[in-house]
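Accompanying notes for the structure given below.
Residues take their numbers from the sequence shown, with the count starting at 1. Excluded from the calculations below are hydrogen atoms, water molecules and symmetry mates; all remaining heavy atoms, backbone and side chain alike, are included.
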Amino acid sequence: MKYIKLIEDLLKNYEYNKVRVTFLRNQIQRLSSEEENEYIRSKMLKGGYSGEVTRFVIENDKEVATLNNVEATADNYKDKIEEEYKMVLREIEQEIKQLSYDISIIDDSLELIKGINEKYYIILKQNYVHKCPMEIVAESMHMSRSRCYELRKQAVELIVKIVYGERLLLQQTAEN
């Protein structure tokens, strides 16, 4: 049941995952290295950095360049912001990697299912991917709704066999 639920969730989220990957790739472009300095500068300005590094003061009759407390703090803050920036990019890239993997599982599975049983493919594509109610799917396939549900169940079980192997599906069925 666990593997069936996983595949069903992947099918249900297939289109969302594709849109999310596109959004995240655009976000990486917005945070590209050309804009890295702007990102860091804007975070520093929000933290109190004025953009000026030094100021001159008179100490013991000498003009000395010093950082005021806010500037010194902001300067140290820059290192932290740079690390945060890199961490954000790594997190986005990791999410893209995971979502792309999920998408490829469904892409490959649907392509294989299409070659095995066209009805399985149509039902999965219409019901899960395109979010059509089963009544509409059944009508378009000239089948009963209950028959479409049965074929959908068989199709999902077949994908589980393809992705995880038949042994896991049999083991899972025996546990239930």
Side-chain angles (χ1 to χ4, degrees), residues 1-51 53 70-117 120-133 137 152-176:
M1 192 62 134
K2 177 175 77 172
Y3 296 109
I4 290 173
K5 178 79 171 109
L6 280 171
I7 293 297
E8 286 178 332
D9 287 346
L10 288 176
L11 284 161
K12 289 175 186 173
N13 293 319
Y14 176 75
E15 287 298 319
Y16 164 78
N17 288 346
K18 288 172 73 173
V19 170
R20 178 84 177 141
V21 165
T22 301
F23 172 79
L24 291 172
R25 286 188 176 137
N26 290 339
Q27 192 172 8
I28 284 179
Q29 283 182 328
R30 285 189 296 275
L31 294 174
S32 69
S33 59
E34 299 153 5
E35 297 177 7
E36 177 180 351
N37 290 332
E38 187 57 36
Y39 172 84
I40 292 168
R41 181 174 163 73
S42 70
K43 292 286 273 188
M44 288 175 67
L45 288 172
K46 288 178 188 173
Y49 180 69
S50 69
V53 177
V70 172
E71 304 299 335
T73 303
D75 208 32
N76 292 335
Y77 188 56
K78 180 180 180 189
D79 294 335
K80 183 180 175 186
I81 298 294
E82 286 174 344
E83 189 56 40
E84 177 188 316
Y85 174 80
K86 291 173 184 172
M87 186 180 75
V88 167
L89 282 179
R90 282 192 302 268
E91 288 173 0
I92 292 171
E93 288 167 350
Q94 183 60 35
E95 186 176 353
I96 288 173
K97 185 177 178 181
Q98 181 60 51
L99 290 172
S100 296
Y101 178 74
D102 293 349
I103 291 166
S104 69
I105 286 174
I106 297 304
D107 281 340
D108 294 347
S109 298
L110 287 174
E111 195 59 39
L112 290 168
I113 289 281
K114 189 176 185 180
I116 294 170
N117 187 325
Y120 287 174
Y121 172 79
I122 292 169
I123 290 170
L124 290 177
K125 193 85 169 170
Q126 286 184 355
N127 186 242
Y128 281 120
V129 177
H130 298 304
K131 311 280 190 254
C132 290
V137 175
R152 184 183 76 178
K153 180 182 174 200
Q154 291 171 9
V156 170
E157 288 175 353
L158 182 57
I159 290 177
V160 170
K161 285 180 189 177
I162 291 168
V163 174
Y164 299 108
E166 188 169 7
R167 183 176 50 85
L168 284 176
L169 183 63
L170 291 174
Q171 179 182 1
Q172 182 181 341
T173 306
E175 290 173 1
N176 295 333

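Side-chain contact check for P133 versus Q126: every heavy-atom pair is 4.5 Å or farther apart. Looking only at side-chain heavy atoms (C-beta outward), I92 and I96 come within less than 4.5 Å of each other. In this structure the side chain of L11 never reaches within 4.5 angstrom of the side chain of N127, judged on heavy atoms. Looking at heavy atoms from C-beta onward, L158 lies out of side-chain contact with N117 at the 4.5 angstrom threshold. Using a 4.5 Å cut-off on side-chain heavy atoms (C-beta onward), D102 and N13 make no contact.
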CA sep, side-chain torsions, deciding dist, call: E95, R20, salt bridge (Lys or Arg N to Asp or Glu O under 4.0 Å): CA-CA 9 Å; E95 186 176 353; R20 178 84 177 141; 2.8 Å; yes
Check against salt bridge (Lys or Arg N to Asp or Glu O under 4.0 Å), R90 and E83: CA-CA 11 Å; R90 282 192 302 268; E83 189 56 40; 3.4 Å; yes
Chi angles and distances behind the side chain to side chain contact (heavy atoms under 4.5 Å, CB included) call for K114, S109: CA-CA 8 Å; K114 189 176 185 180; S109 298; over 6 Å; no
V156/Y128 under side chain to side chain contact (heavy atoms under 4.5 Å, CB included): CA gap, chis, key distance, verdict: CA-CA 11 Å; V156 170; Y128 281 120; 3.9 Å; yes
Side chain to side chain contact (heavy atoms under 4.5 Å, CB included) between L6 and Y164, intermediate numbers included: CA-CA 11 Å; L6 280 171; Y164 299 108; 3.7 Å; yes
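We find the CD-OH distance between E157 and Y120 to be 8.5 Å, quoted to the nearest 0.5 Å. In this structure, R152 CZ and L124 CG are separated by 8.5 Å, a value rounded to the nearest 0.5 Å. In this structure, I113 CD1 and Q154 CD are separated by 10.5 Å, a value rounded to the nearest 0.5 Å. Remark: L99 CG to Y16 OH distance equals 7.5 Å, nearest 0.5 Å. Atom CD of E91 sits about 11.5 Å away from atom CG of L24, to the nearest 0.5 Å. Here the straight-line distance linking atom CD of E8 with atom CD1 of I159 works out to 10.0 Å at 0.5 Å rounding.
Heavy-atom contacts from other residues, nucleotides or ligands closer than 6.0 Å to NZ of K97 number 12 or fewer.
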